[in-house]
Amino acid sequence: MRRLLILSGVALAGLSGAASWTVLDGRGHAAGGPDTGTIRTGTAAVVRTDVAQRQMLNGKLGYAGTYQLQATGGGVVTKLPPVGRRIRRGDAAYEIDGTKVPLMYGTRPVWRAFEVGMTDGSDVRQLETNLAALGYGDGLTVDDHYSSATYWAVWRWQEDRHLPETGTVPLGQIVFAPGPVRISALDVATGTRVQAGHPVEHGTTPRQAVTVQLSPTDLPNVKIGDPVVVTLPDQTTRRGRVSAIGTVATAPPSTGDGGGNGGDTPEQSTAPVTVTVDGTIHGLLDQASVQVSIIAQQDRGVLAVPTTALRPLPGGTYEVIVVSGALRRHVPVRTGLFDESAALVEVSGAGLAEGQRVEVPDDGS
């Protein structure tokens with residue numbers, strides 16, 4: 001139905017004014033009289049490109065990524081950050097037995113104490129990378145070895161953090177996460193006694209993102225990096241890109257009547273697609289509803305012309321006029337996908353080639 005509406009719109013656009021285009025018969029002659037059009041024309045290139053047809057979906061504004069921070073040692077939780085707080089490298093992620101546990105960046109969790117004489121490992125490099133980023137890199141070589149230079153870097157860091165100055169990092173003194181964490185929920189309350197590995201809090205990255213639910217049949221048409229347009233409640237738009245595609249489809253909750261939506265037609269399973277948005281969106285609450293224009297179908301490496309180059313013919317077909325110097329040649333074409341965002345349409349036809357010029361209305365701009 002959407003494609004029929006687009007085709008109808010293009011046809012109407014071509015027929016809406018006799019001054020725009022003259023309707024031709026199958027032999028390229030004027031149908032119904034001479035061409036009295038006086039509109040100015042220009043030319044545009046026939047290009048080989050990717051053409052995408054889009055659909056509008058409902059989305060929810062939120063944040064990208066999901067992190068969980070676990071206790072790296074045992075004790076009583078004495079302080080927690082408020083929900084919504086952004087925790088960065090060196091900030092306290094939580095407090096155990098009255099001692100702040102700083103966040104450091106890394107993908108490897110804490111699994112052993114750091115001290116002189118320990119075996120080399122990538123977790124040592126991860127610790128040293130953070131020490132250098134926090135300003136304790138003088139004389140420190142970032143590698144897999146816990147050296148005397150590492151010992152003194154840790155000692156200086158502990159002194160500044162008002163921690164026991166030992167030059168070693170025992171289990172429970174730091175916690176790692178892949179990057180900054182925006183706290184979205186607390187998994188324990190203050191006063192809870194925890195052991196190493198117990199979930200304390202979880203969150204996301206501070207990077208805003210939109211989540212949409214897509215039918216599994218549409219997922220093969222969506223790729224990481226695909227451009228999208230997000231329409232906010234105030235009708236302003238933001239550009240973004242697909243950053244993550246869910247691999248597990250989730251069925252809607254059953255209502256007990258055989259359908260997921262309470263009607264005669266059951267709802268389809270969907271999978272989440274995450275879109276990161278350019279810039280920062282202010283003034284909207286977390287989980288605010290937005291509209292997302294996302295690729296529903298895509299043809300790659302096809303010939304395309306501006307939609308305004310199409311001239312309607314009787315029978316619902318189209319042609320373009322190929323211009324070469326003073327010569328104008330009428331070429332019947334078959335249309336494929338209409339890319340509204342790029343104002344292009346996929347075309348094919350005998351004698352049509354990349355780099356040719358086709359006639360288009362000249363708006364005078």
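In this text, all values refer to a predicted model and were calculated from it rather than measured experimentally.
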In terms of heavy-atom contacts, does NZ of K79 have more than 12 from other residues, nucleotides or ligands at under 6.0 Å? no
In terms of ring plane angle, is the pair F114 and F176 parallel, tilted or perpendicular, where the classes change at 30° and 60°? perpendicular
What heavy-atom pair brings K60 and S289 nearest, and what distance separates the two atoms? NZ-OG, 3.0 Å
Identify whether the distance between the nearest side-chain nitrogen and carboxylate oxygen of R328 and E359 falls below 4.0 Å. yes
Separation of I96 CD1 from Y94 OH (nearest 0.5 Å): 6.0 Å
Kindly say whether R88 contributes a backbone atom to a donor-acceptor pair with the side chain of D91 at under 3.5 angstrom? yes
Check whether the side chains of Q158 and Q173 place a donor and an acceptor atom closer than 3.5 Å, and report yes or no. yes
Does any part of the side chain of V242, heavy atoms only, come nearer than 4.5 Å to the side chain of V228, both counted from C-beta? yes
Any side-chain donor paired with an acceptor under 3.5 Å for Q298 and R300? yes
What I'd like to find out is whether the side chain of V154 reaches to under 4.5 Å of the side chain of T168, using heavy atoms alone. no
Would you mind telling me which of T211, V292, L219 makes a side chain to side chain contact (heavy atoms under 4.5 Å, CB included) with V273? L219
Path from V210 to V229 over hydrophobic side-chain contacts below 4.5 Å: no
Decide side chain to side chain contact (heavy atoms under 4.5 Å, CB included) for L80 and V77; before the verdict, give the C-alpha distance in whole Å, the side-chain angles of both, and the deciding distance to 0.1 Å. CA-CA 8 Å; L80 293 164; V77 178; 3.7 Å; yes
Which heavy atom of P81 sits nearest a heavy atom of E201, and at what distance? CD-OE1, 3.3 Å
Main-chain N/O of V83 paired with R182 side-chain donor or acceptor, under 3.5 Å: no
side-chain hydrogen bond (donor to acceptor under 3.5 Å, both in side chains) between Y136 and N130, intermediate numbers included: CA-CA 9 Å; Y136 301 95; N130 281 271; over 6 Å; no
Looking at side-chain heavy atoms only, is the closest gap between V212 and T274 below 4.5 Å? no
Heavy-atom pair with the smallest gap, counting every atom of G139 and A149: O-CB, 3.3 Å
Do E346 side-chain atoms and V51 backbone N/O form a donor-acceptor pair below 3.5 Å? no
Y63-I281 co-clustered via ILVMFWY side chain contacts under 4.5 Å: no
Check whether any side-chain heavy atom of Y318 lies under 4.5 Å from a side-chain heavy atom of L313, and answer yes or no. no
Rounded to the nearest 0.5 Å, what's the gap from OG1 on T237 to CG on L232? Could you check? 7.5 Å
Does Q208 use its side chain to pair, donor to acceptor, with the backbone of G62 at less than 3.5 Å? no
Are V322 and L303 joined in one hydrophobic group, where the rule is that I, L, V, M, F, W and Y side chains link up if heavy atoms are under 4.5 Å apart? yes
Carboxylate-amine/guanidinium contact R239 D278, below 4.0 Å: no
Assess the side chains of T119 and R112: does a donor N or O sit below 3.5 Å from an acceptor N or O? yes
Walk me through whether V345 and L337 qualify under side chain to side chain contact (heavy atoms under 4.5 Å, CB included). CA-CA 6 Å; V345 57; L337 298 182; over 6 Å; no
Are the side chain of Q126 and the backbone N or O of T107 linked by a donor-acceptor pair below 3.5 Å? yes
Using a cut-off of 6.0 Å, state whether more than 12 heavy atoms not belonging to D234 lie near its atom CG. yes
Looking just at side-chain N and O atoms, do T276 and R207 make a donor-acceptor pair shorter than 3.5 Å? no
Going through the distances and angles, do E128 and L140 end up as a side chain to side chain contact (heavy atoms under 4.5 Å, CB included)? CA-CA 8 Å; E128 292 178 339; L140 180 66; 3.9 Å; yes
Under a 3.5 Å distance rule, please check whether T270 uses its side chain to pair with a backbone N or O of L214 as donor and acceptor. no
Show the numbers, then the answer: is there a salt bridge (Lys or Arg N to Asp or Glu O under 4.0 Å) between D143 and R125? CA-CA 5 Å; D143 55 20; R125 179 183 296 270; over 6 Å; no
Is the shortest side-chain heavy-atom distance between V358 and V46 below 4.5 Å? yes
Would you say the side-chain atoms of R238 pair up with the backbone N or O of T280, donor to acceptor, closer than 3.5 Å? yes
In this structure, OG1 of T317 is separated from CZ of R311 (nearest 0.5 Å) by 12.0 Å
Is any side-chain heavy atom of Y67 closer than 4.5 Å to a side-chain heavy atom of P178? yes
Taking the side chain as C-beta and beyond, is there a heavy-atom pair between V76 and T192 under 4.5 Å? no
Will you find, in the side chains of Q291 and N58, an N or O donor that is under 3.5 Å from an N or O acceptor? yes
Between D120 and Y146, do the side chains contain an N or O donor and an N or O acceptor separated by less than 3.5 Å? no
Measuring from T308:OG1 to D362:CG, what's the distance to the nearest 0.5 Å? 10.5 Å
Pairwise distance OG1(T166) to CD(E115) - rounded to 0.5 angstrom: 9.5 Å
Look at the side-chain heavy atoms of Ile, Leu, Val, Met, Phe, Trp and Tyr, link any pair under 4.5 Å apart, and say whether W155 and M104 land in one connected group. yes
Passes side chain to side chain contact (heavy atoms under 4.5 Å, CB included), D339 versus Q53? Steps please. CA-CA 5 Å; D339 191 327; Q53 189 166 300; over 6 Å; no
Would a hydrophobic clustering, with Ile, Leu, Val, Met, Phe, Trp and Tyr connected at side-chain separations under 4.5 Å, put V101 with V169? no
Under 3.5 Å, is there a donor-acceptor pair between the side chain of R357 and the main chain of T43? yes
Looking at CG of D226 and CZ of R241, how far apart are the two atoms once the value is rounded to the nearest 0.5 Å? 8.5 Å
Any side-chain heavy-atom pair from I174 and V110 closer than 4.5 angstrom? yes
